[in-house]
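Let me begin by presenting the structure, written as structure tokens, before commenting on it.
Computed over heavy atoms, backbone and side chain alike; hydrogens, waters and symmetry mates excluded.
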Amino acid sequence: MHQAPECDRTPRLCGRRRRLWAALLLGTAAMAYNGWLLEFLLPTGLDPRHSYVSELYAADQPFQGLFSGIEVACALLVTAGALLARYTLPGRLAATGWWAVIAFAACSVADTIVPMRCAPSVDPSCEAVNPWHTTTSALVHFAIFSSMALLSAAAKTGCPSWPLVRRWGPWLLPCAMVCAVATVGPLFGGPGWHGIPQRAHLILVGTWFALLAVALVRPLTHDESATGTPTVTYIPRPNADTLRQQRHQLSSASTEAPSPLA
């Protein structure tokens, strides 16, 4: 005899499992995205105050394989987490927000495929602007800012609401944007100190992923299933005997009731 899959019999349980896995993946991605902290343990030769994090995996750097590998691993974690979590908030805003998270991951991989040719902070002859790498980096920023805006808006208007995302998302977005803008000095001939705001930006992006992870595992604020859809209550259909008894009771009540004209 064919047995229904567990997810067909217990959609709430399977929905919770998806949310837990998504939260685990996004939480791990939050830490992996700040893998640049390893530069304090490794002899990279770069000054964190005056270098881009992208210089860690520039083509001529000794730890290029390590840091680009961390970037790709983070992108895979983010993609898997977003795919599992994309149905947790209903509506077009939320769906578009999760696809923006996936686009962020794809552009991050592209960042490692077309890395910087060299490290301009330690090589005066190296140009800070690499057209392909600058383009992919800009797309990374656009995608992550879009995800923050869309999912924060969905957390306000959607049912169920995400109180954490609704409260902190609108703060993370402008802070991350300000930090990102503060890093463009070398692109316009003004190098120096751009490493600090960029690393602050990366911490904020990691915080965003951690915020999404925590929101996924917190209980819903409405009576909804863990898949983000309203819970359906099953009402059994009355049998023939019950229907006959109900009709008899109604007919008895109508004959015993006094006539309004009496």
Side-chain angles (χ1 to χ4, degrees), residues 26-79 101 103-148 172-210:
L26 290 172
T28 306
M31 294 184 289
Y33 197 65
N34 286 284
W36 56 268
L37 290 168
L38 291 174
E39 70 179 335
F40 294 108
L41 303 176
L42 300 172
T44 62
L46 301 176
D47 188 339
R49 299 170 299 173
H50 307 299
S51 63
Y52 285 119
V53 171
S54 300
E55 295 181 45
L56 292 170
Y57 54 89
D60 64 345
Q61 293 303 298
F63 299 101
Q64 189 263 345
L66 172 64
F67 287 104
S68 61
I70 292 175
E71 189 84 358
V72 172
C74 177
L76 294 176
L77 291 167
V78 168
T79 301
V101 173
F104 159 85
C107 295
S108 296
V109 173
D111 237 7
T112 65
I113 295 175
V114 285
M116 302 180 75
R117 180 178 59 83
C118 47
S121 64
V122 294
D123 184 359
S125 64
C126 181
E127 295 182 356
V129 179
N130 182 313
W132 285 108
H133 183 78
T134 302
T135 300
T136 56
S137 296
L139 292 174
V140 166
H141 286 82
F142 177 77
I144 197 63
F145 294 151
S146 297
S147 75
M148 289 180 177
L172 281 176
L173 175 59
C175 292
M177 293 184 72
V178 168
C179 290
V181 171
T183 66
V184 301
L187 303 181
F188 298 97
W193 300 101
H194 52 279
I196 295 176
Q198 190 192 30
R199 284 157 178 78
H201 168 78
L202 298 180
I203 292 173
L204 290 171
V205 173
T207 303
W208 170 243
F209 291 144

Checklist entry - side chain to side chain contact (heavy atoms under 4.5 Å, CB included) between F67 and V53: does it pass, once the steps are laid out? => result CA-CA 9 Å; F67 287 104; V53 171; over 6 Å; no
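- Rounding to the nearest 0.5 Å gives a distance of 10.0 Å between CG of D123 and CD of E55.
- Put simply, CD1 on I196 and OG1 on T183 are 12.5 Å apart, with the number rounded to the nearest 0.5 Å.
- Taking the side chain as every heavy atom from C-beta outward, L56 and F63 never approach each other to under 4.5 Å.
- In terms of heavy atoms, P115 sits closest to N130 at O-ND2, 3.5 Å.
- For the side-chain contact (heavy atoms from CB on, under 4.5 Å) test, residues two or more places apart in sequence or in another chain that qualify with P48 are E39, F40, R199.
- Counting only heavy atoms from C-beta outward, the side chains of I144 and F209 approach each other to under 4.5 Å.
- Two residues are said to be in side-chain contact when any heavy atoms from C-beta on lie closer than 4.5 Å; S147 and W208 meet this criterion.
- Nearest heavy atoms, L46 versus S51: CB-OG, 3.9 Å.
- We find the CZ-CE distance between F104 and M148 to be 8.5 Å, quoted to the nearest 0.5 Å.
- Between L42 and L66 there is a side-chain heavy-atom pair separated by less than 4.5 Å.
- Side-chain atoms of Y33 and L77, non-hydrogen and from C-beta on, never get closer than 4.5 Å to each other.
- In this structure A180 satisfies the side-chain contact (heavy atoms from CB on, under 4.5 Å) test together with H141, F145, H201, sequence neighbours excluded.
- Here the straight-line distance linking atom OH of Y57 with atom CD1 of I70 works out to 11.0 Å at 0.5 Å rounding.
- Annotation: the span from M177 atom CE to L172 atom CG amounts to 13.0 Å, rounded to 0.5 Å.
- A heavy-atom distance below 4.5 Å is not found between the side chains of L38 and W36.
- We find the CG-OG1 distance between D111 and T136 to be 3.5 Å, quoted to the nearest 0.5 Å.
- Shortest non-hydrogen contact noted between C126 and A119 is SG-N, 3.9 Å.
- Among residues at least two apart or in separate chains, there is no side chain to side chain donor-acceptor pair (under 3.5 Å) pair with a member in residues 61-75.
- Nearest heavy-atom pair, A29 versus V78, reported as atom, atom and distance to 0.1 Å: CB-CG2, 3.5 Å.
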